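Residue numbers run from 1 in the order of the sequence given. Predicted model only: the values in this text are computed from it and were never measured.
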Amino acid sequence: MSDSNIMLNLNYSDEAAKKRTPARNKMWKDRWFQKKRLYLQRQGYLENQNEYNSNMEQSRHGHAPPCLNGAPTKSLPVSAHNKGYHPSSSKAGASHSSSKPSTSTHSLSSSTGPGNTGSSFVPSVSSSQKPSEGIPSKYLAFDCEMVGTGPKGRISQLARCSVVSYDGDVVYDKFIKPSVPVTDYRTRWSGIRPRDLVSAMPYSEARKEILKLLSGKVVIGHAIHNDFKVLGYSHPTALTRDTSRIPLLNTKAGIAVHECASLKRLTKAIFNRDIQTGRKGHSSVEDAKATMELYKVVEVEWERELASKSKHR
């Protein structure tokens, strides 16, 4: 169909229109416009009436319809707005990997890529990165790496903390500087080196950030009492899940029910995957992700069992 220019004759100077009362004249004009618009709509020259009304409403309030690459486009569905959809990006919440934990005191966390589970994995150090906007669920897994202080480094102090979401996305990962001098970095296990703590966030500030994240959440960890201990914190029992004390996991891994199996052993037995390998030490991100994955294996059964026990108390 060739392009056509359409002109609406808005000349109402006929004698019949002059004789009408203002109210009847307005009614006649409205009816004429409605008939003309319906005709043009059927011919394909106008958008459908709903879109027309929507765009007119936006124009009256000074809002232009959304655009892609400078061209008007249809309004996004409600579900897209709820999920934080951004037309300019192919994926919302793209993650980054192969970087070090943040040492900035201005950002709460740094985003890192789920799926990088190597022992040498450490997240981004850039202070311009923002944490995940809103934790997607009430479940968080966290893990801490400790260094030694005091005589022979026997006193454990927090030096790194990582928190991941239910989906394995990193929502917090930072090096943390102890309030007392470090006498043993325990690098073989902790993966912490002196240079990591030079510009690290002070313990008092990091502790406030971490506890704010954990508050009100179901927190999952492996031998989690050790992590809470270095934070000087006690999480509600009803909101704590310790994967080192789940008989269901041991059964699936072929381990004696009352045995306290290591995270490395459980991960190998259930997923046939090795973690905590290499000479660079452990990664708290890798451990937190493995813990969340183990929890999800028995989540339904375990939560049902816990709910049943709470009813009989």
Would you compute the distance between atom [atom1] of [X] and atom [atom2] of [Y] and round it to the nearest 0.5 angstrom?
X	Y	atom1	atom2	result
Arg207	Met201	CZ	CE	14.5 Å
Gln276	Lys264	CD	NZ	6.5 Å
Ile246	Leu266	CD1	CG	9.0 Å
Met292	Asp143	CE	CG	12.5 Å
Ser283	Lys289	OG	NZ	8.5 Å
Glu293	Thr243	CD	OG1	11.5 Å

Please step through salt bridge (charged side-chain N to carboxylate O under 4.0 Å, His left out) for the pair Lys268 and Asp274, ending with a clear verdict. CA-CA 6 Å; Lys268 179 65 174 178; Asp274 293 313; 3.5 Å; yes

Surrounding CZ of Arg245 (heavy atoms of other residues, nucleotides or ligands, distance under 6.0 Å), is the total greater than 12?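 Count not over threshold, so no.
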
So, is the end of the Lys177 side chain (NZ or CZ) under 6.0 Å from the ring centre of Tyr203 and within 45° of the ring's axis?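 No, Lys177 does not sit over the ring of Tyr203.
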
Do [X] side-chain atoms and [Y] backbone N/O form a donor-acceptor pair below 3.5 Å?
X	Y	value
Arg186	Gly153	yes
Asn250	Ala256	yes
Thr149	Ser156	no
Ser308	Arg304	no
His258	Pro247	no
His222	Leu263	yes
Ser310	Ala307	yes
Asp227	Cys144	yes

Applying the side-chain contact (heavy atoms from CB on, under 4.5 Å) test to Arg160, which of Ile192, Ile176, Leu197 qualifies?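 Exactly one pass, corresponding to Ile192.
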
Side-chain heavy atoms under 4.5 angstrom apart, residues restricted to Ile, Leu, Val, Met, Phe, Trp, Tyr: same cluster for Trp189 and Phe142?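 Different clusters: Trp189 never reaches Phe142 through Ile, Leu, Val, Met, Phe, Trp or Tyr contacts under 4.5 Å.
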
Is there a path of hydrophobic side-chain contacts, each under 4.5 Å between heavy atoms, that joins Leu231 and Met146?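 Same hydrophobic cluster.
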
Which pair of non-hydrogen atoms, one from [X] and one from [Y], has the smallest distance, and what is that distance?
X	Y	value
Thr183	Gly150	OG1-O, 2.8 Å
Ser165	Leu140	CA-CD2, 4.0 Å
Ser190	Tyr185	OG-O, 2.7 Å
Ala223	Asp242	N-OD1, 2.8 Å
Ser162	Val285	OG-CG2, 3.4 Å
Val171	Leu213	O-CD1, 4.5 Å

Any salt bridge between [X] and [Y], counting N to O under 4.0 Å?
X	Y	result
Glu301	Lys252	yes
Arg265	Glu259	yes
Arg241	Glu303	yes
Lys309	Glu305	yes
Lys174	Glu205	no

Test side-chain contact (heavy atoms from CB on, under 4.5 Å) applied to Ile275 and Arg273, step by step: CA-CA 7 Å; Ile275 62 171; Arg273 187 176 77 232; 4.2 Å; yes

Contact check, side chains of [X] and [Y], non-hydrogen atoms, under 4.5 Å:
X	Y	value
Val147	Asp184	no
Phe228	Thr240	yes
Trp302	Tyr295	yes
Glu209	Tyr172	yes
Lys296	Tyr166	yes
Cys161	Val163	yes
Asp287	Glu145	yes
Thr251	Val257	yes

Walk me through whether Phe271 and Val297 qualify under side-chain contact (heavy atoms from CB on, under 4.5 Å). CA-CA 10 Å; Phe271 302 119; Val297 168; 3.6 Å; yes

